[in-house]
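Computed from a predicted structure; not experimentally measured. Note: hydrogens, waters and symmetry copies are ignored here, and every other heavy atom, side chains too, is used.
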Amino acid sequence: MNADYTFIILTYNEELHLQRLLNSIKGLNAAVCILDSGSTDLTLQIAEISGAQVKQHTFINHPQQWHYALETFEIKTPWVICIDADQILTDELRLQLLNFRDEDNQDINGIYFNRKNYFKGKWIKHGGYFPFYLLKMFRYGLGYSDLNENMDHRFIVPGKTILWKNSCLVEENLKENNIRFWIDKHNRYSDLLAYEEIERRLKLRTQTLVPKFRGSPDEHTAWLKQLWWQMPLFVRPFVYFIYRYIFRLGILDGHQGFIFHFLQAFWFRLIVDIKIKEIADTPAMKKNTTDNPEIKPHARN
């Protein structure tokens, strides 16, 4: 019996990850669609050998890439699972998906997967990183990519969603074991976030989701983002790091955890704030951010 869902995967130079992911979903009898953005390694060969439906599209940012994938691929199942190439299914999650039937879930439109994040071979269990729920599975034609985000990609689904708490999606980007890759990647991401926040301050970009403290995981994140944008620049990275590392017990994640939390909560956020200040002080940006072609930076994994 074929699965009631189709996997959609984004790739860019993912020869380290793609086969690992494909192995983890093997046996689910699900269709696979892969949208590549110009890989120069063995990614395309791995994708084609797997029998997946493969397309290519120039990368702008993750939300727009996901939007293109959802609009372009020929999907014949009632559900889709949008998954990153550096993620894999645990045995527990595979079992849940193996037993999933659309007819048993007629009142549900979306499912959040719990994620386990690894950095340099270490599970980052604390600091607010576990449990951590991502909306990855939803009804095709109902769920869509939130284009009001510039970097943080999320999907929006009207109606009822549920959390799968007892199984996990494992995320481990092996390319990030090289710290230069991590720094270069997040330097590009900091461009996206800095320009996004400038646009939000100028009312050129809004939040699609209604922020709710006790809402869905994504609605709660939207609520936290509102708080973040109100905090003073250069102060908030200190507050965020202390919150993650001390109050959310990131200190228990060992030396890899210290590197991870410091880079994520302090270094990255400080770079974003520095760039926001630099952009805000540019006369052209004060006039109109949308007139400046430099406000469309690109970033990829």
Side-chain angles (χ1 to χ4, degrees), residues 62 83-84 86-88 90 92-93 110-136 146 149-156 161-173 176-177 179 182-183 185-186 189-190 192-194 196-197 200 207 209-273 301:
H62 284 98
I83 193 167
D84 298 330
D86 60 357
Q87 297 172 331
I88 60 173
T90 58
E92 294 81 5
L93 182 54
I111 301 173
Y112 283 85
F113 292 175
N114 194 2
R115 184 197 68 181
K116 292 177 70 171
N117 190 73
Y118 282 76
F119 177 73
K120 287 185 173 292
K122 169 76 174 182
W123 174 24
I124 305 301
K125 187 177 181 179
H126 304 92
Y129 280 87
F130 188 83
F132 191 87
Y133 295 100
L134 300 170
L135 183 61
K136 286 293 189 180
D146 186 359
E149 298 290 327
N150 201 24
M151 191 202 79
D152 291 335
H153 64 272
R154 64 176 44 84
F155 302 103
I156 296 178
T161 61
I162 61 172
L163 278 61
W164 279 359
K165 298 182 178 182
N166 299 320
S167 60
C168 292
L169 189 68
V170 171
E171 181 173 321
E172 182 175 16
N173 192 327
E176 293 184 354
N177 289 338
I179 197 64
W182 193 99
I183 290 174
K185 169 184 169 180
H186 284 78
Y189 281 180
S190 66
L192 292 170
L193 275 184
E196 177 182 322
E197 189 160 340
R200 292 191 187 281
Q207 288 205 86
L209 288 173
V210 177
K212 294 180 182 178
F213 177 73
R214 296 190 181 277
S216 69
D218 286 330
E219 289 170 338
H220 181 72
T221 297
W223 180 83
L224 290 173
K225 281 189 172 185
Q226 281 200 330
L227 291 183
W228 180 258
W229 296 328
Q230 295 169 14
M231 294 178 66
L233 298 179
F234 306 113
V235 172
R236 57 190 190 175
F238 288 92
V239 175
Y240 191 55
F241 175 68
I242 292 171
Y243 170 74
R244 289 284 190 191
Y245 197 64
I246 304 300
F247 289 95
R248 296 302 302 270
L249 301 179
I251 194 172
L252 299 180
D253 285 322
H255 73 274
Q256 295 104 320
F258 171 75
I259 296 170
F260 178 85
H261 293 299
F262 178 82
L263 289 174
Q264 283 280 7
F266 185 80
W267 182 89
F268 175 58
R269 301 294 169 177
L270 181 60
I271 295 298
V272 172
D273 283 5
N301 285 331

Over all atoms of both residues, closest heavy-atom pair of [X] and [Y]:
{"X": "Leu209", "Y": "Arg154", "value": "CD1-CD, 3.9 Å"}
{"X": "Glu219", "Y": "Gly215", "value": "OE1-CA, 3.2 Å"}
{"X": "Asn177", "Y": "Lys120", "value": "O-NZ, 2.7 Å"}
{"X": "Ile271", "Y": "Ser190", "value": "CG2-OG, 3.5 Å"}
{"X": "Gly127", "Y": "Arg244", "value": "O-NH1, 2.6 Å"}
{"X": "Glu196", "Y": "Met151", "value": "OE1-N, 3.5 Å"}

Please check if atom [atom1] in [X] has more than 12 non-hydrogen atoms from other residues, nucleotides or ligands closer than 6.0 Å.
{"X": "Phe130", "atom1": "CZ", "value": "yes"}
{"X": "Phe247", "atom1": "CZ", "value": "no"}
{"X": "Tyr243", "atom1": "OH", "value": "no"}

>> Check the orientation of Phe241 and Phe262. Use parallel for under 30°, tilted for 30 to 60°, and perpendicular for over 60°.
In response: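 Ring orientation, 0 to 90° scale: perpendicular.
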Parallel, tilted or perpendicular: ring planes of His186 versus Trp182, cut at 30 and 60 degrees: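 Plane angle under 30°, so parallel.
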Practice item. Check salt bridge (charged side-chain N to carboxylate O under 4.0 Å, His left out) between Lys225 and all other residues, then give those that pass, not counting sequence neighbours. Key: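 In terms of salt bridge (charged side-chain N to carboxylate O under 4.0 Å, His left out), with neighbours along the sequence ignored, Lys225 is linked to Glu149, Asp152.
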Query raised in the report: In chain order, what residues pass the salt bridge (charged side-chain N to carboxylate O under 4.0 Å, His left out) check against Arg236, with sequence neighbours excluded?
Result: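 For Arg236 the salt bridge (charged side-chain N to carboxylate O under 4.0 Å, His left out) partners, ignoring immediate neighbours, are Glu197, Asp273.
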Result of checking Phe268, Trp267, Tyr129 against His261 for ring pair (Phe, Tyr, Trp, His ring centres under 6.0 Å):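 Result: among Phe268, Trp267, Tyr129, Tyr129 is the only option passing the ring pair (Phe, Tyr, Trp, His ring centres under 6.0 Å) with His261.
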Worked verdict on Glu172 versus Lys116 for side chain to side chain contact (heavy atoms under 4.5 Å, CB included): CA-CA 9 Å; Glu172 182 175 16; Lys116 292 177 70 171; over 6 Å; no
Lys/Arg N to Asp/Glu carboxylate O, Asp253 vs Arg248, below 4.0 Å: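 No.
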Query raised in the report: Do Gln87 and Leu134 touch side chain to side chain, with heavy atoms closer than 4.5 Å?
Result: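 Side-chain contact under 4.5 Å: yes.
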Check your understanding: Are Phe113 and Ile83 close enough that some pair of their side-chain heavy atoms sits under 4.5 Å apart?
Key ->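 No, every pair of side-chain atoms sits at 4.5 Å or beyond.
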- request: Run the ring-centre check on Phe266 versus Tyr245 and record whether the distance is less than 6.0 Å.
  value: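 No, the ring of Phe266 stays outside the 6.0 Å limit from the ring of Tyr245, centre to centre.
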Considering residues at least two apart in sequence or located in another chain, which fulfil the side-chain contact (heavy atoms from CB on, under 4.5 Å) criterion with Leu163?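 Leu163 satisfies side-chain contact (heavy atoms from CB on, under 4.5 Å) with Tyr112, Tyr133, Lys165, Pro217 once adjacent residues are dropped.
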